[in-house]
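Below: one structure, written as structure tokens.
Both backbone and side-chain heavy atoms feed into the values below; hydrogens, waters and symmetry mates do not. Predicted model only: the values in this text are computed from it and were never measured.
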Amino acid sequence: MRVNLDGIHTNLRFSAAHMVIGHESCGKIHGHSYIVDVEVDGERNGQFGFVIDFKVLKEITRKVCKSLDHRVLIPVNSSDLEVTYEDDNSLEFTVLNCLEYKLPQQDVVLLPIPSTTAESLSVYITECIVEELENKEFLNFIEVQVNEGIGQGASYRYYFNE
């Protein structure tokens with residue numbers, strides 16, 4: 001059985017700035033109002049016969065969204081980006097060996113991903129949710145879709161028993 005969280009209606013969203021390093025138009029810092037949809041497939045179980053408790057799934061997903069909200073997302077696993085200086089207050093990084101940026105550290109999230117595309121963000125958010133979930137034994141998969149606004153996004157499916 002599958003259960004779904006529709007990000008628009010359950011307020012699973014975040015706004016963030018990012019860049020797709022090297023892309024002709026998306027290579028500049030720009031932002032999106034992201035919407036996160038979650039689907040979980042599994043067997044009904046426990047006292048209430050839930051696949052997963054909606055409340056728990058929403059809390060975990062909102063926590064991940066909040067950690068990204070109103071931040072600049074930096075993909076530290078990109079070979080085209082080098083963090084050149086960090087202190088308690090600021091972060092400096094260079095893109096494509098020529099573009100230099102300095103931002104307040106509180107405004108930045110360093111993500112362990114190769115890019116900040118919807119594809120990479122869907123993998124990252126899925127892995128964050130999976131890490132927080134308890135009682136995964138009855139779950140088959142979780143799929144997270146990250147939408148860069150309404151009508152375009154990417155999804156990633158994580159299988160629990162593989």
Check the hydrophobic clustering (I, L, V, M, F, W, Y; side-chain heavy atoms under 4.5 Å; chains of links allowed) and say if [X] and [Y] are grouped together.
X      : Y      : result
Leu139 : Val123 : yes
Ile125 : Val20  : no
Leu91  : Ile113 : no
Leu111 : Leu81  : no
Phe138 : Val38  : no

Would you give the length of the straight line joining atom [atom1] of [X] to atom [atom2] of [Y], rounded to the nearest 0.5 angstrom?
X      : Y      : atom1 : atom2 : result
Arg62  : Ile60  : CZ    : CD1   : 12.0 Å
Ile21  : Thr117 : CD1   : OG1   : 11.0 Å
Ile142 : Ser155 : CD1   : OG    : 12.0 Å

For residues [X] and [Y], determine if any side-chain heavy atom of one lies less than 4.5 Å from a side-chain heavy atom of the other.
X      : Y     : answer
Glu39  : Asn4  : yes
Asp37  : Leu12 : no
Phe14  : Ser67 : no
Leu121 : Val36 : no

Acceptor/donor pairs from residues 68-75 side chains to any protein atom, 3.5 angstrom cut, sequence neighbours excluded:
{"unit_1": "Asp69", "atom_1": "OD1", "unit_2": "Ser15", "atom_2": "N", "d": "2.8"}
{"unit_1": "Arg71", "atom_1": "NE", "unit_2": "Gln106", "atom_2": "O", "d": "3.1"}
{"unit_1": "Arg71", "atom_1": "NH1", "unit_2": "Asp69", "atom_2": "O", "d": "3.4"}

Checking side-chain contact (heavy atoms from CB on, under 4.5 Å) against Ile52, which of Leu5, Val40, Asn135 comes through?
Val40
Just list the side-chain donor-acceptor pairs under 3.5 Å for residues 126-133, sequence neighbours left out, or say none.
{"unit_1": "Thr126", "atom_1": "OG1", "unit_2": "Ser122", "atom_2": "O", "d": "2.6"}

Sequence neighbours left out, what passes side chain to side chain contact (heavy atoms under 4.5 Å, CB included) with [X]? Give chain and number order.
X      : result
Tyr101 : Met19, Ile29, Phe93, Val95, Leu99
Asp53  : Phe50, Lys55, Val56
Glu92  : Thr84, Tyr85, Lys102

Could you go through Arg13 and Ile8, starting from their C-alpha distance and side-chain angles, then the distance that decides it, and tell me whether this counts as side-chain contact (heavy atoms from CB on, under 4.5 Å)?
CA-CA 7 Å; Arg13 3 173 151 205; Ile8 290 176; 3.9 Å; yes
More than 12 heavy atoms of other residues, nucleotides or ligands under 6.0 Å from [atom1] of [X]: is that the case?
X      : atom1 : result
Arg157 : CZ    : yes
Lys63  : NZ    : no
Glu137 : CD    : yes

Taking all heavy atoms of Glu24 and all of Lys28, pick out the closest pair and write down the distance.
O-NZ, 4.2 Å
Closest non-hydrogen contact found for Ser120 with Ser115 is CB-O, 3.0 Å
May I ask you to decide if Leu96's main-chain N or O and Asp80's side chain share a donor-acceptor pair within less than 3.5 Å?
no
Main-chain N/O of Glu43 paired to Asn45 side chain as donor or acceptor, under 3.5 Å:
yes
Not counting sequence neighbours, which residues clear side chain to side chain donor-acceptor pair (under 3.5 Å) with Arg2? List them please.
Asp41
Parallel, tilted or perpendicular, judged at 30° and 60°: which one describes the rings of His18 and Tyr34?
perpendicular
Tell me if the aromatic rings of Tyr156 and Tyr158 count as close, with their centers under 6.0 Å from one another.
no
